[in-house]
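Okay, so here's the structure we're looking at.
Proteins get letters first, then strands, A, B, ... in listed order; numbering begins at 1 in each. All values below were derived from every heavy atom in this structure, side-chain atoms included, with hydrogens, water molecules and symmetry-related copies excluded.
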Amino acid sequence: MKNTAYALANIMAMLGGLVLVAIILMTVISVIGRALIPIGLGPITGDFELTELGIAFAIFCFLPLCQLVAGHATVDVFTSGMGARANLVLLALWEVVLTATMIFIAWRLFAGFSGKLGNNETTMLLRVPVWWGYGAALVPAGVGVLVGLWSAYDRVMAALTGKVSRTIEGASH
Amino acid sequence: MSNVEIGLMAFPVLLAIIFLRAPIGLAMLVVGVAGMWIVTGSPNIILSKFKSETFSTFASYSLSIVPIFLLMGHLAGLGGMSQALFKAAEAWLGHRRGGTAMAAVGACAGFGSICGSSVATAATMAQVALPELRRAGYSGGLSTAALAAGGTLGILIPPSVVLVIYATLTETNIAKLFLAAFVPGILAALGYMLVIALYVRIHPHSAGSLPRMPYRERFAALRAVWPVTVIFIAVVGGIYTGIFNPTEGASVGALGTGLVAWAAGGLDWPRLRAALIATASGTAMIFLIVLGAGFFNAFLALTQMPQTVSAWIVAQGFGPWFILACILAIYLVLGCVMDSLSMILLTIPIFFPVMLALDFGLPTEHMAIWFGILVLIVVEVGMITPPVGMNLFVINAIDRTTPMRETYSAVMYFVATDLTRVVILAAFPAITLFLIP
């Protein structure tokens, strides 16, 4: 279970990372194309739209890993004196809330997707149907729910038993 | 309870949740959603907002610059550019008393010109400079404090992720903000070097010195820094002259940095993978905060609390300078426990309308730029103030031999120059603004 959760989160993060690299390359090619208009080249049509669609997908891909490695910013100076068990309980509590939020976000994203599927809304230049973007984001959002469920279960078990299966890599501030 | 009171109540509730170790972005989101439910009396607006808002927040062209700059920062440590910067600075400064520590600060400033994150700058330069500092006989306290303070130059010197967020919140021109940050960033580096010179006079045993380098070698070391110079000029110059927009500039910079790393043999698949994974986690962290702050601020706007509070503050008849001092002091206090981005996303929607209503004798755009730079500096002080300065932790994790206590006591000298600089820049807006047309 643990290995599956980590593998899923890592695959998603890499996928998002590669999309990010693709956006960077496309943007640079578009800049070069625009600079070479005098010799008949031009910028990539709809580069803004592609960037927006790609970056949204990438960020949905990044979320599961961040949750799994406890990468979200927290303030732990006030709780550091509370003892190990109390901290495990707090960690479990917020992990459950975070996972519930991820489920809520995925559910509403699906509602948004269903809504866009019905209307014929497209992007301005490329005429890409907007539901494509929502549909693509549903995949990492769904993975985020699965990873979140395991992560919440794991943290709750740690709070109940006092045995921690993963350390906090923490971006605590 | 009136809506304004609900809005006011939300702050202590939010801070309590955050201080109980909730992820900051999650806390803002949950409080914002709960508040909206209470104010509107039904969950309908929330359900319909969430249909599109998460996607559209993430699908933001202007914020796409954030992950690109993060990736660029992670790639910048791979091409030998951090080593070249430190060697060049050391060649020019190493023979002075405290010179190697000054060189570390100078190298941080150089690295900050291609990296938009303070933690990444501190971590990268610490890997390069800490062993050299210890070998040259510098005390652990001075070495770690100089690098932690130097790390904040990553944010102060453009490009800067925090400035991007400030620009989108206040609709200020990002190119002008970058340009305005340049002189204060250089002043920060000079201030840190001055502190080192004073520190080694007060604590003579804390520093060593190296033999003087001949000028031929100094210039040779300086020439090795050319990729950094080219990338910085291309990115910031290109954005400023309008050759490309900020996202395009960041893309050019990230690709250039990647190519330099690859040409130097520093970019293989495992390293690219590690850079992408680090970018993924950092990006997700920032966007959860952006998303949460979006809902929290939408809730506040619904209660009309920000307008009411700013009107009330202005009506009290306090002088603008007094209010500015209070705002900056609040950032200093919050900065002791909170990270820069969360603070800015949380407070700018309240403080910026207050600033707009006050008269500092500056045009609105200039005021927005000047205030942005002042806020940038005070939130960065939080990165190096005990008890929870993020940079101190990062450096401490790399140098396990120095007790945190020694770092704390040495870093207070650097905090003192930061505070002095804030007072000077606040008193003389022209230092920040003279480059802005």
Please classify the contact between [X] and chain B as side chain, backbone, both or neither, with a heavy-atom cut-off of under 4.5 Å.
X	result
A:Leu25	side chain
A:Leu20	side chain
A:Val130	neither
A:Phe104	side chain
A:Leu63	both

Q: Using the side chain to side chain contact (heavy atoms under 4.5 Å, CB included) rule, pick out the option among A:Val31, A:Val28, A:Ile24 that qualifies with B:Glu248.
A: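 Of the listed residues A:Val31, A:Val28, A:Ile24, the side chain to side chain contact (heavy atoms under 4.5 Å, CB included) partner of B:Glu248 is A:Val31.
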
Q.
Which label fits B:Phe58 and A:Phe60: parallel for a plane angle under 30°, tilted from 30 to 60°, or perpendicular past 60°?
A.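 If you compare the ring of B:Phe58 with that of A:Phe60, the planes turn out perpendicular.
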
Got a second to check how far [X]'s [atom1] is from [Y]'s [atom2], nearest 0.5 Å?
X	Y	atom1	atom2	value
B:Asn245	A:Thr27	CG	OG1	8.5 Å
A:Ile105	B:Leu291	CD1	CG	5.5 Å
B:Thr54	A:Met102	OG1	CE	9.0 Å
B:Ile286	A:Ile59	CD1	CD1	9.5 Å
A:Asn10	B:Ile277	CG	CD1	4.5 Å
B:Ile18	A:Asp76	CD1	CG	13.0 Å

Looking at every heavy atom in both [X] and [Y], which two are closest together, and how far apart are they?
X	Y	result
A:Ala111	B:Lys51	CB-CG, 3.9 Å
A:Ile55	B:Ala59	CG2-CA, 4.1 Å
B:Pro23	A:His72	CB-CB, 3.9 Å
B:Leu276	A:Gly17	CD2-O, 3.7 Å
A:Thr79	B:Phe19	CG2-O, 3.5 Å
B:Ala284	A:Cys66	CB-CB, 3.4 Å

Would you say the side chain of [Y] lies within less than 4.5 Å of the side chain of [X], judging by non-hydrogen atoms?
X	Y	value
A:Ile23	B:Ser64	no
A:Phe62	B:Leu288	no
B:Phe55	A:Leu53	yes
B:Val337	A:Phe78	yes

Q) Among B:Ala250, B:Ser48, B:Pro67, B:Ala22, which residue forms the greatest number of heavy-atom pairs with chain A at distances under 4.5 Å? A)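 Answer, by heavy-atom pair count under 4.5 Å with chain A: B:Ala22.
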
Q | Top contributor to chain A contacts, counting heavy-atom pairs under 4.5 Å, from B:Thr283, B:Thr57, B:Leu272 | A |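 The option with the most such pairs is B:Thr283.
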
Q: Would you check if the side chain of A:Arg34 reaches a backbone N or O of B:Ile243 as a donor-acceptor pair within less than 3.5 Å?
A: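 Confirmed, A:Arg34 side chain pairs with B:Ile243 backbone.
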
Against chain A, label [X] side chain, backbone, both or neither, depending on which of its atoms sit under 4.5 Å from a heavy atom there.
X	result
B:Leu29	side chain
B:Ser52	both
B:Leu26	side chain
B:Val394	neither
B:Ile289	side chain
B:Ile17	both

Q.
Is it the case that over 12 heavy atoms from other parts of the model lie below 6.0 angstrom from the OH atom of B:Tyr61?
A.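 Enclosed: over 12 neighbouring heavy atoms sit under 6.0 Å from OH of B:Tyr61.
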
Q) Can you tell me if CG on A:Asn119 sees more than 12 non-hydrogen neighbours from other groups inside 6.0 Å? A)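 Yes, the 6.0 Å shell around CG holds more than 12 heavy atoms from other groups.
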
